[in-house]
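Worksheet: the structure to be examined is printed underneath.
Values reported hereafter were calculated over all heavy atoms of this structure, with side chains retained and with hydrogens, waters and symmetry mates removed. This one's a predicted model, so the numbers in the text were calculated from it and none came from an experiment. This chain uses plain numbering: 1 for the first residue, then up along the sequence.
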Amino acid sequence: MSNIFPTYCKYLLISGLASVVVSCSNTRFLKENQMLYTGAEVKIESDTISKKEKKDLQAALEANLTPKPNSTFLGMRPKLYFYNIAKEPKKDKGFNYWLKYKMGEKPVLLGDVDREFNKDIIENYSENKGYFNARATYDTISKNKKAKVIYTLKPGARYLVDGVKFQKDSTLINQEIQNVAGKTLLKNGRPFDLDVIKAERERIDNNLKERGFYYFHPDNIIVQADSTVNKNHKVELNVKLKDNTPDLSTQQFSIDKVIVFPNYNIQDVKAGKYSVPMNSDSLSKYAFDDIYVIDPQHKFKPKIFDRALYFKKGDLYNRSNHNLTLNRLISLGVFKFVKNEFVTSDSLNHKFDTYYLLTPRQIQSLRLEALGRTNSASYAGSELNLNWTHRNFFKGAEQFKASIYGAFDFQMGGAQDANNIFRAGTNVQLSIPRIVAPFRFHSSSEFVPRTNITLGYEFQNRTKFYTLNNFTASFGYLWKENARKEHDLKVIDITLVSPEKVTAEYEANSAKNPAMKRIVEKQLIFGPTYSYTYTNTMLPKKNTFYYKGTLDLAGNLTGLVTGANVREDKQKKIFGIPFSQYAKIENDFRFYHKLTEKSSLATRLIAGIAYPYGNSEFVPFSKQFFSGGSNSIRAFRARTLGPGSFDPRTVTAGTYFDQSGDIKLELNAEYRANLYKFINAAVFVDAGNIWLLHDEEARPGAKFSKDFLNEIAVGAGVGLRLDFSILVLRLDLAMPLRVPYYEKGDRWAFDKINFGDPSWRKDNLVLNIAIGYPF
């Protein structure tokens, strides 16, 4: 303790001296009559309000004062110091410009402070919060070319609401207001608050918009406050329509004609070819369920608008259907711009036509992508993709996507007996903007539900080992309840893996390792899969969440019907291939905590299990879990970690073999901070592993047991992220802190860290290069 205290005092003294030096150095740049503004303080003098009310009022008032003083760090003003020491740049670029105007901050002077204006802000804000007799004064304290302003507020007693009345008369709009009066935000006994009154006007307006009052505005409502009826600091509120409310705002409108222009072009409008309102009778049109579609070239089937539009002839206008229709038209994916206009067609009967002006996106697109990449498994390579998209394939906003790709990866280091990888394949997908099913599916979501049909084939050649043919097909539905909740159901998801060639070398190695042999076995996997996603990460909140749960059920019904049971020698086959039967569930939880405007903490938990039964003794290799790599535990090379305490160093040198498991647990934590514009940094810790459900002789220690916590791998590192908006280039450098395949009691690796040893750096520092954030 005697050694710690002097050290602490030394650092405290150094910090204090630095603060004094930087502060003094900032004021020496001021001119003779200038004073540096160091901030303001609000003092509240009152015997009638509680300490909590004083604290809340003080914080709110100080937040509204302008301007803000120069930012500080540990009592110093480093940004102001950078501004002062930097020379005035001759151009809007270069080091001096960056130091002075990007890193630096212009001094805030006492002369910049309008004290009378701030005094008025304090009094007005206080009155708006119910302190009707608030009075404020101010005083300026200056010393050593620094100045601070003290504002003193005497708020008086706070007025409380004592009675809320809604104006009553026989008009239609007043009756509608009376219908929603019971849910008013204005409550007896609550403090008078102008913000609550504004919210009440918005609430009334929102309800009227749902009942056809399209032209109504919150400003048409007035809330009168009468403090004379009661002398005990009480106020009575009277809610009514303003006397000068326009007649149009009080009328309830309904829909007359619905007119859609699916080929609307703003350039044609500028050229004077057409404008709204349009004489639709003079244009080529056809009607569908009272919807007029102006489409002379018949590019779109009118039925897609019937499904997307929620307004029909004779409907009472309401804002919900208005916004819902616009969002559904956008979610079709075929229109670049969606515009809506309402034009009065019958002022006597209060009707208007609704026009939907839709500008199509480019219907077809062809994109060639060339990607180069490296990964943490000592592989480098490139990929070439040719993608074709048609956004109106059958004239019903169906999206058809086809791609052809080729890729190769070659081993950069490690074993001399290199195992290069070549992949080539094609994928096609047809996405239909409705549910194709024998039953009727109605969705009132702002997102159009989709039926997705996919087909794919991939040829995979791992030189010197094996060649595989992979066929995939699926049919299912994708729909959203809202922006936060998404469902993805594949009614049938089929995978067929067929080996074409297996080398003698691989056969010899796999003879000692059944798991390797299962990779090149014929596999037939089919069944439903379902995933549910919830996220609110798009909201401007301090704490946000992401969750995705996936359920994969393969061969369950077929296994039940056929009585398949591999353990009783009753394995069933389809086309001569044993079909897989298993149940798999995976959960992905993410939590994001915003620390400051430029920093945050991101965490993730993954938990999953895959259980084979019936017709299968093992879960197919392609459906198992893997660990390690750029999006997992980054201190271990891709797919090399686990299972359990199995030591991958015992695998035959030069043999390519991804380690897989039936159970996965993983936890990640990452601190993220913005350094400068598009440059972000991160510090992270990853932990987890995979395990098998059953013992496997070739991989001792791989089975999940009650001792699983002792088999958790831990890694940590630092990252650099270049966020270019269209993509994020990520560089993560990690090292292992705990290695599960080391001897018990010696798995923590802190005592083995040796940055000066080239051999240690080569074996333990893992660089991950990737696109996008890991989670």
Would you tabulate the side-chain donor-acceptor contacts of residues 726-744 under 3.5 Å, counting partners in other chains and residues two or more places apart, or write 'none'?
from, atom 1, to, atom 2, distance (Å)
Arg730, NE, Gly772, O, 2.6
Arg730, NH1, Ser630, O, 2.9
Arg730, NH1, Asp732, OD2, 2.8
Arg730, NH2, Ser630, O, 3.4
Arg730, NH2, Asn631, OD1, 2.7
Arg730, NH2, Gly772, O, 3.4
Asp732, OD1, Arg721, NE, 3.3
Asp732, OD1, Arg721, NH2, 2.9
Asp732, OD2, Arg634, NH1, 3.1
Asp732, OD2, Arg721, NH2, 3.2
Arg738, NH1, Asn710, O, 3.0
Arg738, NH1, Ile712, O, 2.9
Arg738, NH2, Asn710, O, 3.4
Lys744, NZ, Asp707, OD2, 3.1

Show me, pair by pair, the donor-acceptor contacts under 3.5 angstrom made by side chains of residues 544-554, not counting sequence neighbours?
from, atom 1, to, atom 2, distance (Å)
Tyr547, OH, Asn587, OD1, 2.6
Asp552, OD2, Tyr582, OH, 2.9

Checklist entry - Under 3.5 Å, is there a donor-acceptor pair linking the side chains of Thr495 and Thr472? => result no
Next on the checklist: Suppose we screen for side-chain hydrogen bond (donor to acceptor under 3.5 Å, both in side chains). Which residues come up paired with Glu458, at least two apart in sequence or across chains?
Outcome noted: Tyr405, Arg423, Gln460
Checklist entry - Is there any salt bridge (charged side-chain N to carboxylate O under 4.0 Å, His left out) pair reaching into residues 754-769, and which pairs are they, with sequence neighbours excluded? => result none
Next on the checklist: Checking Tyr534 now: which residues fulfil side chain to side chain contact (heavy atoms under 4.5 Å, CB included) with it, not counting sequence neighbours?
Outcome noted: Arg484, Lys485, Tyr532, Asn536
Item to check | Side chains of Tyr611 and Gln581 in contact at under 4.5 Å (non-hydrogen atoms) | outcome: no
Next on the checklist: When you compare the side chains of Gln399 and Ser431, does any donor N or O come within less than 3.5 Å of an acceptor on the partner?
Outcome noted: no
Checklist entry - Got more than 12 heavy atoms from elsewhere within 6.0 Å of NZ, Lys623? => result yes
Checklist entry - Taking the six-membered ring of Phe625, is the NZ or CZ of Lys664 close enough (under 6.0 Å from the centre) and on axis enough (within 45°)? => result no
Checklist entry - Please, which pairs that meet salt bridge (charged side-chain N to carboxylate O under 4.0 Å, His left out) have at least one residue in residues 583-593, sequence neighbours excluded? => result Asp588-Arg590
Item to check | Criterion ring pair (Phe, Tyr, Trp, His ring centres under 6.0 Å) on Phe678 and Phe724, from CA distance to verdict | outcome: CA-CA 6 Å; Phe678 62 89; Phe724 300 110; 5.3 Å; yes
Checklist entry - Do Tyr671 and Leu595 come within less than 4.5 Å of each other through their side chains, counting heavy atoms only? => result yes
Checklist entry - Excluding sequence neighbours, so at least two apart, what forms side chain to side chain contact (heavy atoms under 4.5 Å, CB included) with Ala669? => result Thr603
Checklist outcome for this item: Here the pair of heavy atoms bringing Glu670 nearest to Ala682 is CG-CB, 3.9 Å
Item to check | Student check: side-chain heavy atoms of Trp760 and Phe755 closer than 4.5 Å | outcome: yes
Checklist outcome for this item: Rounded to the nearest 0.5 angstrom, the CD-OG distance for Glu666 and Ser627 is 5.0 Å
Next on the checklist: When you compare the side chains of Ser403 and Asn385, does any donor N or O come within less than 3.5 Å of an acceptor on the partner?
Outcome noted: no
Checklist entry - For Phe471, which residues count as a ring pair (Phe, Tyr, Trp, His ring centres under 6.0 Å) partner, sequence neighbours excluded? => result Tyr457
May I have the list of side-chain donor-acceptor pairs in residues 517-527 shorter than 3.5 Å, sequence neighbours left out?
from, atom 1, to, atom 2, distance (Å)
Arg518, NH2, Glu696, OE1, 3.2
Gln523, NE2, Arg518, O, 3.3

For residues 565-572, please give each side-chain donor-acceptor pair under 3.5 Å, one per line with the distance, not counting sequence neighbours.
from, atom 1, to, atom 2, distance (Å)
Asn565, OD1, Arg567, N, 3.1
Asn565, OD1, Glu568, N, 3.4
Gln571, NE2, Asn615, O, 3.2

Checklist entry - Do Leu665 and Trp691 come close enough that some side-chain heavy atom pair is under 4.5 Å? => result yes
Item to check | Which atom of Val448 lies closest to which atom of Pro433, heavy atoms considered | outcome: CG1-O, 3.2 Å
Checklist entry - Can we call the ring centroids of Phe621 and Phe626 under 6.0 Å apart? => result yes
Checklist entry - Could you give all pairs that pass the ring pair (Phe, Tyr, Trp, His ring centres under 6.0 Å) test and reach residues 548-569, with sequence neighbours left out? => result none
Checklist outcome for this item: On a heavy-atom basis, the closest approach of Asn668 and Phe775 is CB-CE2, 3.6 Å
Checklist entry - So do Asp488 and Tyr530 actually touch side chain to side chain, heavy atoms under 4.5 Å? => result no
Checklist entry - Do the ring planes of His390 and Trp388 sit parallel (below 30°), tilted (30 to 60°) or perpendicular (above 60°)? => result perpendicular
Item to check | Donor-acceptor contact present, side-chain Thr596 to main-chain Ser599, <3.5 Å | outcome: yes
Next on the checklist: I want to check something: taking the side chain as every heavy atom from C-beta on, are Arg747 and Glu711 in contact at a cut-off of under 4.5 Å?
Outcome noted: yes
Checklist entry - Is Glu507 close to Thr503 at the side-chain level, that is, under 4.5 Å between some pair of heavy atoms? => result no
Next on the checklist: Can you list everything that forms a side-chain hydrogen bond (donor to acceptor under 3.5 Å, both in side chains) with Thr562? Sequence neighbours excluded, please.
Outcome noted: none
Item to check | Glu481-His487 side chain donor-acceptor pair, cut-off 3.5 Å | outcome: yes
Checklist entry - Under 4.5 Å between any side-chain heavy atoms of Asn680 and Leu720, yes or no? => result no
